[in-house]
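The basis for the numbers below is simple: all heavy atoms, side chains too, and nothing from hydrogens, waters or symmetry mates.
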Amino acid sequence: MRTSFNIPDDLLTKFDHTWEHEGFDSRSRAVREAMNEYIESHTKLEEVSGEITAVLAFDYEHEPNIGDLHSTQHDFQDVIETTSHTHQGEWCLETIFCHGDASQVRELVYQLRDFDTVGRVKILILSPQEDDCHHTH
């Protein structure tokens, strides 16, 4: 199926540079790969249940929302084990190590993504529910 998207020129330029550097033979192939990765990462977050261990990494503009971000993290202190923080100019990179119920970790991710000044939230689930432990990914 053919479709079209409205994409800022600078994002498209970066995307084209990336897929060409990675050796894909076309933009379409690279878009399909990116879509599959997006689906896999979000489906995993949506489907996991029970007790999990996860790492959340996100970047954000420091000044506008730092108080609200810290309040959100305090609301989830029962699943947040530790955090790591570094400054990159006006932007910050934060890593949160979580352990607890998947629904709480999922809600934390959703709340972080709701902040306008949060650029990205990446999730690495380290221990899915026990039934999945024997599968290789």
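The CD1 atom of Ile7 lies 13.5 Å from the NZ atom of Lys14; values are rounded to the nearest 0.5 Å. Here CD of Gln88 is found 10.0 Å from CG of Asp59. Values are rounded to the nearest 0.5 Å. Taken to the nearest 0.5 Å, the CZ atom of Arg32 stands 5.5 Å off from the OG atom of Ser26. Taken from CG in Leu124 to SG in Cys98, the straight-line distance is 11.0 Å, to the nearest 0.5 Å. Rounding to the nearest 0.5 angstrom, the gap separating the OG1 atom in Thr83 from the NE2 atom in His70 is 7.5 Å. Put simply, CG on Leu126 and CD1 on Ile52 are 9.0 Å apart, with the number rounded to the nearest 0.5 Å.
Looking at Glu22 and Glu33, their side chains never come closer than 4.5 Å, going by heavy atoms from C-beta outward. Looking only at side-chain heavy atoms (C-beta outward), Asp78 and Asp101 stay at 4.5 Å or farther from each other. At a threshold of 4.5 Å between non-hydrogen side-chain atoms, the residues Thr72 and Phe115 count as touching.
Placement of Phe76 and Val48 within a single hydrophobic cluster is found when ILVMFWY residues are connected by side-chain heavy-atom separations under 4.5 Å, directly or transitively. No path of Ile, Leu, Val, Met, Phe, Trp and Tyr side chains, each step under 4.5 Å between heavy atoms, connects Val31 with Leu12, placing them in separate hydrophobic clusters. One hydrophobic cluster holds both Met35 and Phe15 under the rule that ILVMFWY side chains link at heavy-atom gaps under 4.5 Å. Note: the hydrophobic cluster containing Trp91 does not contain Leu69 (ILVMFWY, side chain heavy atoms under 4.5 Å, direct or indirect links). No path of Ile, Leu, Val, Met, Phe, Trp and Tyr side chains, each step under 4.5 Å between heavy atoms, connects Phe58 with Leu93, placing them in separate hydrophobic clusters.
The nearest pair of heavy atoms linking Ala54 to Val105 is CB-CG1, 4.3 Å. Minimum interatomic distance between Ser49 and Ala102 (heavy atoms only, all atoms of both residues): CA-CB, 3.7 Å.
Taking the six-membered ring where tryptophan is involved, the planes of His62 and Tyr60 are essentially parallel, since the angle between them stays under 30° and well short of 60°.
Shown here is Asp116, whose CG atom has no more than 12 heavy atoms of other residues, nucleotides or ligands within 6.0 Å. More than 12 heavy-atom neighbours from other residues, nucleotides or ligands sit within 6.0 angstrom of CG on Asn36. Summarising the local packing, CZ of Arg120 is surrounded by 12 or fewer heavy atoms from other residues, nucleotides or ligands at distances under 6.0 Å. Around the NE2 atom of His17, the shell of radius 6.0 Å holds no more than 12 heavy atoms that belong to other residues, nucleotides or ligands.
For the side-chain contact (heavy atoms from CB on, under 4.5 Å) with Leu56, the lone residue among Leu108, Thr95, Ile80 that qualifies is Leu108.
Within the 3.5 Å criterion, the main-chain N or O of Leu45 finds a donor-acceptor partner in the side chain of Arg106.
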